[in-house]
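Below is one structure, written out as structure tokens, with a few remarks after it.
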Amino acid sequence: MAEEPEEGEENQFRAARLQKLAALKALGVDPYPYEWPRSAEAKELEARYAELPPDAVTEDRVSVAGRVRAIRNSGMFIDLYDASGKIQIFSDRKSLDEAQLALLGLLDLGDIIGVEGIVRRTRRGELTVNASRIAVLAKALLPLPEKYHGLADLETRYRQRYLDLIMNEESRAVLQKRSRIIATMRRLLIDRGFLEVETPMLHVIPGGATAKPFVTHHNALDMQLYLRIAPELHLKRLLVGGLSDRLFEINRNFRNEGISPRHNPEFTSLELYQAYVDYGAMMDLTETLIAEIAREVLGETRIRYGEREIEFAGPWPRESMAALVKRETGVDFLTIAADEDARAAARRLKIEVADGAGWGRALEAVFAARVEAKLVQPIHVTGFPREISPLAKTDRGDPRLTERFETYINGWEVANAFSEINDPLDQQQRFEAQMAERERGDEEAQRLDADYVQALEYGMPPAGGLGIGIDRLVMLLTDSPSIRDVIAFPTMRPKG
RNA sequence: GAGCCCGUAGCUCAGCCGGUAGAGCACUUGACUUUUAAUCAAGGGGUCGCGGGUUCGAAUCCCGCCGGGCUCACCA
């Protein structure tokens with residue numbers, strides 16, 4: 001691409017622009033000045049002069065700035081875009097001096113300029129600034145993609161996101177909405193008394209989730225560190241400390257796993273903990289948060305995703321994994337006791353399960369294969385097997401299960417929550433069971449974090465914990481088909 | 001990791017039953033003082049992703065590699 005100087009020098013577009021750059025400098029113009037005293041943005045002017053009739057001229061002098069996106073009539077008309085929108089610039093040969101006319105002739109599509117002049121509306125109804133002064137604020141050396149079709153190539157859009165943002169309004173809108181979604185989430189939580197905290201990205205023991213970590217090395221300490229797969233265990237240490245009885249973190253997690261339209265190696269999650277409540281409170285909070293965010297950002301709770309319509313207004317149904325599996329397959333796992341019978345039941349449904357898999361894994365495998373994709377409208381799936389939930393409290397009514405739920409929307413897991421284990425001896429045993437699985441070859445089984453268990457030994461209040469995958473939530477709220485559309489710089493294999 | 005599809009000018013795309021590469025926009029030069037995908041005239045621009053093979057001849061057919069997309073598997 002154009003980053004390589006040799007190639008760039010040969011580029012006809014760049015060569016022509018370098019000549020113009022030299023010509024500007026010869027005119028005594030600094031093509032990269034330090035500032036421009038802007039007085040208005042395009043959208044602001046559009047609103048302020050909404051009532052200005054065609055052919056009307058004001059005496060209002062404004063100063064605007066932005067990127068040149070279209071030049072018509074040899075520079076007489078320029079479409080100038082700032083982050084808020086478009087404003088047309090009119091340059092009258094008769095009212096600009098020689099130097100300004102020369103500068104006008106050296107402008108290219110893509111240049112960032114500042115313009116000062118009076119506001120008027122043209123006969124054809126276009127709000128326009130009549131330029132009395134034009135300044136180059138940043139000379140562009142490379143051409144923009146085609147103005148009408150824009151930038152369509154997905155690879156270029158992800159690799160050179162700035163070009164995508166310049167050319168595609170929808171891409172801008174998606175990332176702007178992402179920001180508003182997160183800001184709204186943060187505000188709602190702070191309004192409810194939650195304290196925002198930051199916990200380490202570099203972990204000695206990667207815990208809090210079942211996933212493969214990225215490994216790194218600290219030179220001074222000469223030790224292996226892991227990028228975190230979840231903030232969970234540190235957030236609960238803060239709960240032990242009583243920093244706050246309600247706390248949350250919105251931040252990145254890193255998982256060394258596959259890339260897909262719904263998976264990026266680094267992704268953003270909300271994780272929160274509330275003392276003295278159980279997972280039921282987390283269900284209430286999940287549906288309130290997500291519905292409120294939709295209302296705030298989209299103005300309604302009914303969203304469209306592709307061909308589907310999804311209603312976010314609560315309350316959402318709450319059903320157990322086993323009940324959903326039974327409804328879908330007719331098989332009631334709750335009546336099956338032995339692990340081997342559970343495996344056999346799954347296999348009768350043509351679902352693969354490992355030979356060592358227990359009752360819980362078999363149930364989950366059937367749920368994943370037969371039920372998940374059908375959970376389009378929001379639903380809290382409860383009754384997660386203990387076997388796959390090493391940080392969740394045992395279900396009050398059934399020792400095979402935990403007080404854990406995952407919220408599904410559009411067939412995706414969007415939230416994961418439970419009543420947190422605060423019994424250190426229970427937690428120790430759960431970790432040991434995970435370690436045993438690890439030794440049997442499950443490299444994603446969770447590792448024993450003795451320091452965390454020690455923290456629990458000082459006493460952690462009973463608490464509900466909740467994690468929400470923000471990227472997927474943004475996908476739903478922006479009708480984006482790929483997670484790469486909602487992450488400004490998705491992970492890509494380097495080119496060449 | 002597996003299967004299917006894609007990669008041609010700066011961009012958007014045609015060409016792909018093999019015969020020496022095309023359009024629109026963009027660019028250069030000129031015309032044009034009320035345009036808005038401005039218009040009109042002329043011109044320049046391509047190792048057809050990379051490497052190998054088949055052939056008198058390859059953008060086109062075959063093989064390998066690189067990059068991307070989708071689906072599946074793992075996962076949020």
Side-chain angles (χ1 to χ4, degrees), chain A residues 1-2 7-8 10-17 19-20 54-55 69-80 86-96 108-110 120-128 130 140-160 163-164 166-167 209-212 229-230 252-271 352 364-365 368-369 372 406-409 411-416 442-444 467-473 475 481-484 490 492-496:
Chain A
M1 303 236 88
E7 212 176 318
E10 287 162 15
N11 181 307
Q12 54 163 328
F13 303 97
R14 188 161 185 273
R17 284 160 184 251
Q19 282 186 9
K20 291 180 184 175
D55 227 6
R69 292 289 306 280
I71 301 176
R72 294 180 290 279
N73 293 56
S74 306
M76 185 163 39
F77 296 97
I78 289 173
D79 285 345
L80 194 67
K86 179 185 106 173
I87 180 75
Q88 180 171 263
I89 306 302
F90 177 78
S91 296
D92 188 346
R93 255 182 224 159
K94 293 165 199 141
S95 60
L96 287 175
D108 284 301
L109 296 186
R120 71 179 176 102
R121 195 175 289 283
T122 64
R123 195 173 305 160
R124 308 240 179 148
E126 188 79 23
L127 192 67
T128 298
N130 264 14
L141 299 182
L142 290 170
L144 292 177
E146 203 243 14
K147 64 184 173 188
Y148 187 56
H149 298 92
L151 181 64
D153 183 68
L154 276 179
E155 187 174 348
T156 310
R157 287 180 50 203
Y158 297 145
R159 286 187 193 280
Q160 294 176 271
L163 282 181
D164 180 37
I166 292 169
M167 300 308 298
T210 304
K212 292 193 203 79
I229 55 176
R252 222 69 63 80
N253 293 326
F254 305 86
R255 298 190 185 172
N256 207 338
E257 287 162 356
I259 294 178
S260 86
R262 275 179 295 288
H263 299 87
N264 196 64
E266 51 178 310
F267 65 99
T268 302
S269 72
L270 160 72
E271 210 164 284
E352 283 185 39
E364 188 208 23
E372 260 185 31
E406 288 188 350
T407 303
Y408 281 81
I409 305 177
W412 307 342
E413 181 198 333
V414 168
N416 178 23
D442 180 359
E443 56 178 312
E444 291 196 358
I468 293 181
I470 289 183
D471 306 280
R472 288 183 178 180
L473 181 61
M475 286 173 71
S482 170
I483 197 168
R484 296 180 202 100
M492 301 282 280
R493 195 192 296 270
K495 206 174 179 179

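Just so we're on the same page: letters track the sequence lines, and every chain starts at 1.
Per the geometry, CD1 belonging to Ile78(A) stands 16 Å off P belonging to A37(B), to the nearest Å. For the pair Glu155(A) CD and C5(B) C1', the interatomic distance rounds to 15 Å; values are reported in whole Å. If you measure from atom CG of Asp153(A) to atom P of G67(B), you get 15 Å, rounded to the nearest angstrom. Across the protein-nucleic acid pair, Leu163(A) atom CG and C11(B) atom P stand 9 Å apart, rounded to whole Å. Put simply, CZ on Arg159(A) is 17 Å from P on G7(B), counting in whole angstrom units. In this structure, CZ of Arg493(A) is placed 4 Å from P of G67(B), rounded to the nearest angstrom.
Across all strands, Asn264(A) comes closer than 4.0 Å to base atoms (heavy-atom distances). Using a 4.0 Å heavy-atom criterion, one finds that Lys94(A) contacts the bases of the nucleic acid, with or without backbone contacts as well. Nucleic acid contact for Ala211(A): none, since no nucleic acid atom lies under 4.0 Å from a heavy atom of the residue. Nucleic acid contact for Met492(A): sugar-phosphate only, since backbone atoms but no base atoms lie under 4.0 Å from a heavy atom of the residue. Among the protein residues, Glu406(A) comes within range of no part of the nucleic acid, since none of its heavy atoms lies under 4.0 Å from any strand. Within the 4.0 angstrom heavy-atom criterion, only backbone atoms of the sugar-phosphate kind lie near Gly150(A); the bases stay farther away. Base engagement by Glu126(A) is indicated by at least one non-hydrogen atom pair under 4.0 Å involving a base atom.
Residues passing the ring pair (Phe, Tyr, Trp, His ring centres under 6.0 Å) test with Phe77(A), sequence neighbours excluded: Phe90(A). Among residues two or more places apart in sequence or in another chain, the side chain to side chain contact (heavy atoms under 4.5 Å, CB included) test is passed with Asp153(A) by Glu155(A), Thr156(A). Judged as a side chain to side chain contact (heavy atoms under 4.5 Å, CB included), and not counting sequence neighbours, the contacts of Ala369(A) are Ile351(A). Take Asp92(A) and apply the salt bridge (charged side-chain N to carboxylate O under 4.0 Å, His left out) test, not counting sequence neighbours, and it matches no residue. Every side chain to side chain contact (heavy atoms under 4.5 Å, CB included) that Glu146(A) has, sequence neighbours left out, goes to Tyr148(A), His149(A). Shown here are the salt bridge (charged side-chain N to carboxylate O under 4.0 Å, His left out) partners of Glu406(A), two or more places apart in sequence or in another chain: Arg404(A). By the side chain to side chain contact (heavy atoms under 4.5 Å, CB included) test, Lys212(A) pairs with Asn256(A), Glu257(A), Glu443(A), Glu444(A), sequence neighbours left out.
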Next on the checklist: For a quick check, with a 4.0 angstrom heavy-atom cut-off, what is the B/S/- contact string for nucleotides 23-30 of chain B, read 5' to 3'?
Outcome noted: -BBBSS--
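On the C1' atoms, A59(B) is 12 Å away from G22(B), given to the nearest whole Å.
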Nucleotide N/O of nucleotides 70-72 of chain B paired with protein N/O under 3.5 Å:
residue, atom, partner, partner atom, Å
C70(B), OP2, Arg484(A), NH1, 3.3

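In this structure, G7(B) and C66(B) make a Watson-Crick or G-U wobble pair, each of the two defining distances being under 3.5 angstrom.
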